[in-house]
Amino acid sequence: MIRPVIAIVGRPNVGKSTLFNRLVGRRQSLVRDVPGVTRDRLYGTVAFERWQATVVDTGGFEPGSTDDLVAAMRAQIMQAIEEADLVVFTVDVREGLTPVDEDIARILRRSGRPVVVAANKVDGGGQEALLAEAHRLGFARVLPVSAEHGRGVAELLEAIRAAAPPPVAEAATEGPRVAIVGRPNVGKSSLVNAVLGQPRVLVHSAPGTTRDSVDTPLTFRGRPYLLIDTAGIRRKGKVSEALEKLSVVMALKALERCQVAVLVLDAAEGITAQDAHIAGYAHDAGRALVIAVNKWDLVPPNMVTRADVTGQIHDRLPFLDYAPICFTSALRGSGLGDLFDTVDRVAAEAQRRVQPGELLSIFRAALERRPMSWGGAPLRIQSAQQVAVSPPTFALRVNLPGKIHFSYERYLVNSLRHTHPFAGSPVRLLFRKSAGRRSGPSRPGRVRR
Ligand code: GDP
């Protein structure tokens, strides 16, 4: 399913980030606990019953200096409009409308995008007069909310769901859907062009996809692939520093739609905070992942080895230790065969299944080698079952769900990878309460990534 993207826009201090946090809620993320990976939560998933969307808090992109605040904000809103399927226009009714609000309203009206107005800071009763002012902006959907106290948020969500385009089913394709992601200037478009320029590549005309046709179907060495969102990658524009961050929205959309993600890094520049940021999203998306160290031609052959770079990546992005690393030069067209072999390999690995009997003996053997206990009770595994592929997900019935430390969970995952590497895939474990005479009905376990 392709989820809609929802952007929260508004002038500074109207409560965009508070509203964002309300919509997205708290979510466990392994990546956030890794030092050096700052995760200012600007993107998140909002769910309402079975409906899901990606939400963007554009507040995080507010320009730091006050030089050209209005121009920068306008550009930022234009960008948000371009990327989003629906805009949540947040205003502060307690303070009242300002000329900036009206300016934003004008841009939004012209955009033709569906808009839901969140009339924020309606904290008590008797604020109808304030709401009336918000209605003056000229949008049909105006909802009173208090992001701070959580009031009206459910109603807002319902309005958003009603106004957003419905999720679109991904068209069936031949071969894996591959997304090339990474921060600007690492060479994504050059890589795509280098692939398309290979002698054994056949580019087909794009199938009629339901949303904008931005994909490139191709055959490379007789095997089919679909490069996702290549139009977005190839479209180039002058974007300011602050706006460059918004290009992450594009990466997010592609990550959601792909089966295999290729995270492109720049060999000459090393790993930056923004690389780590996108890497975190790639991990969270749960897709099979390959890291491409591009611009390898810029690295003097005898100074830096592949092992050095691999070590650096494992240091800076330890949560991606399962992702194979390829070395490419888009400039010379080298490393592309290896990259696509690796894409094929991780795509196949993500689909692998392990039988319950074998799983149970792998986990029990791991337990025997390194027992774990909590409050004097030894951990026991009653059963183990693979409940999903892509990413491979395993449900374990245990006597101590919720008591298993993250490091022990990682030990179990590594024990599994020892016999079944699942190269390129994050492996997820779900711990559920084992069925026992005294334990009553089973409850769903906690989900860790
Ligand atoms: P994107 O923003 O990630 O799509 O990056 P581009 O493909 O636009 O590349 C950014 C810059 O890096 C351009 O000047 C490219 O010519 C250059 N570049 C891309 N790939 C390579 C490479 O493999 N080697 C070298 N030396 N330069 C590259």
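Start at 1 and go down the list; that is how both ligands and their atoms are numbered.
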Asks: Considering distance alone, does some N or O of P184 sit under 3.5 Å from an N or O of ligand 1?
Replies: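 Looking only at distances, the answer is no, because the N/O contact criterion of under 3.5 Å is not met.
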Asks: S190 heavy atoms, cut-off 4.0 Å: which ligand 1 atoms fall inside?
Replies: 6 (P), 7 (O), 9 (O), 15 (C), 19 (C), 20 (N)
Asks: Any Lys/Arg nitrogen of D341 or R221 sitting under 4.0 Å from an Asp/Glu carboxylate oxygen of the other?
Replies: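 The answer is yes: the pair qualifies as a salt bridge.
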Asks: Salt bridge check: are D344 and R223 linked by an N-O gap of less than 4.0 Å?
Replies: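 A salt bridge is present here (some side-chain N lies under 4.0 Å from a carboxylate O).
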Asks: Output yes when the distance from some N or O of ligand 1 to some N or O of L191 is under 3.5 Å, and no in every other case.
Replies: no
Asks: Less than 4.0 angstrom from a charged side-chain N to a carboxylate O is my criterion; do E269 and R183 meet it?
Replies: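 Yes, this pair counts.
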Asks: Could you check which of N294, L331, T328 puts a non-hydrogen atom nearest to atom 20 (N) of ligand 1?
Replies: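 Closest candidate by heavy-atom distance is N294.
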Asks: Does an N or O from N185, backbone or side chain, lie closer than 3.5 Å to an N or O of ligand 1?
Replies: yes
Asks: For V186, take its heavy atoms, then give the atoms of ligand 1 lying under 4.0 Å from any of them.
Replies: 3 (O), 5 (O)
Asks: Salt bridge check, D215 against R257: does any charged N sit closer than 4.0 Å to a carboxylate O?
Replies: yes
Asks: If you measure from the Lys or Arg side-chain nitrogens to the Asp or Glu carboxylate oxygens, is any gap between E148 and K121 under 4.0 Å?
Replies: no
Asks: With heavy atoms only and a cut-off of under 4.0 Å, state how L298 meets ligand 1: side chain, backbone, both or neither.
Replies: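 The side chain, only.
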Asks: Which pair of non-hydrogen atoms, one from L263 and one from A279, has the smallest distance, and what is that distance?
Replies: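 Heavy atoms only, the tightest pair is CD2-CB, 3.7 Å.
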Asks: Once you restrict to heavy atoms under 4.0 Å, what part of D297 touches ligand 1? Side chain, backbone, both or neither.
Replies: side chain
Asks: Provide the number and element of each atom of ligand 1 under 4.0 Å from a heavy atom of K188.
Replies: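 With K188 as reference, the close atoms of ligand 1 come out as 1 (P), 2 (O), 3 (O), 4 (O), 5 (O), 7 (O).
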Asks: Is R161 salt-bridged to E49, cutoff N-O under 4.0 Å?
Replies: yes
Asks: Measure the distances from the heavy atoms of G182 to every atom of ligand 1 and state whether one is below 4.0 angstrom.
Replies: no
Asks: Can you label the angle between the Y322 ring and the H283 ring as parallel, tilted or perpendicular, going by 30° and 60°?
Replies: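 Tilted.
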Asks: Does K295, backbone or side chain, put an N or O under 3.5 Å from an N or O of ligand 1?
Replies: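 Checking ligand 1 against K295, an N or O pair does fall under 3.5 Å apart.
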Asks: At less than 4.0 angstrom from any non-hydrogen atom of S329, what atoms of ligand 1 do you find?
Replies: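 Heavy-atom distances to S329 below 4.0 Å select 23 (O).
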